[in-house]
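Notes to accompany the following structure.
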2 protein chains.
Amino acid sequence: MQDIQLSLTEEDYLKAIFNITEKNRGTASTNDIASSMQTSAAAVTDMVQRMASRKLLDYEKYKGVKLNSVGIAFATQLIRKERLWKVFLHQKLGMDWDKLNDAAEQLKHINTIEVIRKLELFLGSPKYDPHGEPIPNADGRFTLRNQTSLFNLRKTDRAKVVAVRNQSSSFLQFLDDCGISIGSQIEVLQEIDFDLSKRIMINDQTSIVFSSKICQDLYVKQLN
Amino acid sequence: MQDIQLSLTEEDYLKAIFNITEKNRGTASTNDIASSMQTSAAAVTDMVQRMASRKLLDYEKYKGVKLNSVGIAFATQLIRKERLWKVFLHQKLGMDWDKLNDAAEQLKHINTIEVIRKLELFLGSPKYDPHGEPIPNADGRFTLRNQTSLFNLRKTDRAKVVAVRNQSSSFLQFLDDCGISIGSQIEVLQEIDFDLSKRIMINDQTSIVFSSKICQDLYVKQLN
DNA sequence: GCATATATTTAAATTAGTTTAAAAATAAAG
DNA sequence: CTTTATTTTTAAACTAATTTAAATATATGC
Ligand SMILES: [Mn+2]
Ligand SMILES: [Mn+2]
Ligand SMILES: [Mn+2]
Ligand SMILES: [Mn+2]
């Protein structure tokens, strides 16, 4: 990459902005960044102005923020590092998937290229992290996958869980309790019109009712 | 530990002060800290005053700094983390021993207790890092070892390399080139009075002359 | 004991990042 | 269109950590 040295804070802003812009057709508002960073809107305005002057992003008063190619490159590398470390924490250290994010957030700041290269090899070049999120390769390219949320499946549809959208500890623990993890097979037994919940069969073993909220937070790949 | 949250800078100061005081019968001077931290004496004075007010160390004007029990506990945990990560980088990722310190310096700031506990188990609870330095246990206790520098050995003495004192990249690469690593067998073939250098036999294979400086930077355990 | 050298502290200024409160711009509603 | 609500920016002040220069202590030499 360039020989620009980012502060930890700049790195956190870049990652937050990248994630927000992925949903908001390329632009992130001051308030959205503020709530994602748990800071004030005033702090965000000040920070993005400084980051704009460092050419990490494009900023126009009252119009929000867009990452430029430099910002995207950095953000992608940060996401790559964070997700590789998540794989390490889960697969090698055996940490539960609801406890990965805190540590990986810190680990993503580790700034030695050789470490990340060797870590990737050590882990067998995984393409997805323990929550099913794609891990960009060294060039920043993501492996795309056709997936949909469980919410969109219909009665008798069968599918495989490929990712979680919500990564809160409580949601992940709940899934654990239901016996759901990445790769679980599910089948829609019943669609309940009343509240859009669904009765689901998990791994041909257990049946359970999922609220529409839960269905929306689970990404699946439909089978046949 | 306590629920005191240290800044990265405070952590780096604590580690530096701990290492300095290990050599200077318990006390670290402003200038020594400054040169170790690559900063100005004025910055050190200011910082240690703030750290003293946070009860991390004892400071008396013009008298230098001593760590108190809180500071020692933190410093020890930092050293523990740094050395465990060094083992990981070397043994699991295969990084050369002359490239470990940069990355481990950053990794030592990772602040999730569960990560360090699981990392230790994953590594098999090593007692020494790749440079032969002892790794304190979770309670902060170091495993001591009787060792001496190669400088103190005499003709016909045989010994095993247990640690390096100097961890500069150039020294470590030089040792690599000589075929010396932790565990190597050596024998003093000849003491050269002129400059206190020594001719050494390495692993009963190669003979080489080491300057007195090199001898001082190698710690060994004497055999019989 | 005095002069000089060295080490340390203080003072003043700077930078990154933050907060709260006030001002200004934009969006929404009637 | 105009009033109101929401969002964003600016202003002023603060903290952590730093720098350089000046002041003060301490140590050393004679
Ligand atoms: Mn962070
Ligand atoms: Mn500003
Ligand atoms: Mn550090
Ligand atoms: Mn101060």
Side-chain angles (χ1 to χ4, degrees), chain A residues 4-17 20-21 23-67 70-71 74 78 105-106 108-109 111, chain B residues 4-17 20-21 23-67 70-71 74 78 105-106 108-109 111:
Chain A
I4 304 172
Q5 258 301 97
L6 302 184
S7 70
L8 300 195
T9 310
E10 286 174 321
E11 294 194 332
D12 286 339
Y13 270 85
L14 281 181
K15 183 194 146 194
I17 294 167
I20 293 167
T21 53
K23 283 152 199 167
N24 292 14
R25 52 195 160 70
T27 177
S29 76
T30 301
N31 266 356
D32 284 353
I33 299 170
S35 85
S36 160
M37 294 289 297
Q38 310 221 72
T39 188
S40 67
V44 171
T45 299
D46 199 66
M47 189 68 187
V48 298
Q49 285 176 350
R50 264 177 294 120
M51 290 173 77
S53 80
R54 295 195 65 191
K55 314 274 186 210
L56 297 170
L57 47 79
D58 295 332
Y59 167 73
E60 230 182 325
K61 261 193 198 178
Y62 296 103
K63 298 267 175 73
V65 158
K66 286 186 214 304
L67 292 189
V70 177
F74 274 116
L78 288 163
E105 194 290 319
Q106 302 168 57
K108 81 167 187 296
H109 296 296
N111 212 1
Chain B
I4 304 173
Q5 258 302 96
L6 302 184
S7 69
L8 299 195
T9 310
E10 285 174 320
E11 294 194 331
D12 287 338
Y13 270 84
L14 281 181
K15 183 194 146 195
I17 293 167
I20 292 167
T21 54
K23 283 153 199 167
N24 292 13
R25 51 193 161 69
T27 178
S29 76
T30 301
N31 266 356
D32 283 354
I33 300 170
S35 84
S36 161
M37 295 288 297
Q38 309 222 74
T39 186
S40 67
V44 172
T45 299
D46 199 67
M47 188 69 187
V48 298
Q49 285 175 350
R50 264 178 294 121
M51 290 174 76
S53 80
R54 294 194 66 191
K55 313 274 186 209
L56 298 171
L57 47 79
D58 295 332
Y59 167 73
E60 230 183 323
K61 262 193 197 178
Y62 296 103
K63 298 268 174 75
V65 158
K66 287 186 212 304
L67 292 189
V70 177
F74 274 116
L78 288 164
E105 194 288 319
Q106 302 167 58
K108 81 168 187 296
H109 297 295
N111 213 1

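So you know, we letter chains A, B, ... as the sequences are listed, proteins then strands, and number each from 1.
In this structure, A/Ala16 and A/Ser36 approach most closely via the heavy-atom pair CB-OG, 3.5 Å. Contact detail for A/Ile20 and A/Ala28: the closest heavy-atom pair is CG2-CB, 3.6 Å.
What separates CD of B/Gln38 from P of D/dA17 is a distance of 18 Å, to the nearest Å. Between B/Leu6 atom CG and D/dA17 atom P the separation is 10 Å, expressed in whole Å. Rounding to whole angstrom units, CD of residue A/Glu11 and P of C/dA16 are separated by 16 Å. Rounded to an integer number of Å, the gap from A/Met51 CE to C/dA16 C1' is 13 Å. If you measure from atom CE of B/Met47 to atom C1' of D/dT18, you get 11 Å, rounded to the nearest angstrom. Between B/Leu8 atom CG and C/dA16 atom P there is a gap of 17 Å when expressed in whole angstrom units. Between the CD atom of A/Glu10 and the P atom of C/dT15 there is a distance of 15 Å, given to the nearest Å. Following rounding to the nearest Å, A/Glu60 (CD) and C/dA25 (P) show an atom-to-atom distance of 15 Å.
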Base-contact (B) and sugar-phosphate-only (S) positions in nucleotides 20-27 of chain D, heavy-atom cut-off under 4.0 Å, - elsewhere: BB--BSS-
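Counting only distance, with no hydrogens or angles, the side chain of B/Glu10 and the backbone of B/Met51 share no donor-acceptor pair below 3.5 Å. With A/Thr21 contributing its side chain and A/Ile17 its backbone, the two residues share a donor-acceptor pair below 3.5 Å.
With B/Tyr13 as the partner, the side chain to side chain contact (heavy atoms under 4.5 Å, CB included) test is satisfied by one option alone out of B/Thr39, B/Leu56, B/Leu6, B/Leu8: B/Thr39.
Using a 4.5 Å heavy-atom cutoff, the side chains of A/Tyr59 and A/Gln49 are in contact. Here the side chains of B/Thr30 and B/Val48 are not in contact, with every heavy-atom distance at 4.5 Å or above. Between B/Val70 and B/Lys55 there is no side-chain heavy-atom pair separated by less than 4.5 Å.
Taken residue by residue, residues 23-30 of chain B places no heavy atom nearer than 4.0 Å to DNA chain D.
B/Thr39 has a side-chain polar atom (N or O) that falls below the 4.0 Å cut-off from OP1 or OP2 of D/dT19. The phosphate of C/dT8 (OP1 or OP2) has no side-chain N or O of B/Thr45 nearer than 4.0 angstrom. The shortest distance between the side-chain N/O atoms of A/Asn31 and the OP1/OP2 oxygens of D/dT6 is not below 4.0 Å. Contact annotation: B/Tyr13 reaches the phosphate of D/dT18 (side-chain N/O to OP1 or OP2, under 4.0 Å). The phosphate of C/dG17 has OP1 or OP2 within less than 4.0 Å of a side-chain N or O from A/Arg50.
Ranking D/dT18, D/dA17, C/dT18 by closeness to the B/Ser7 side chain, first place goes to D/dA17.
Annotation: the span from B/Arg54 atom CZ to B/Ser7 atom OG amounts to 7.0 Å, rounded to 0.5 Å.
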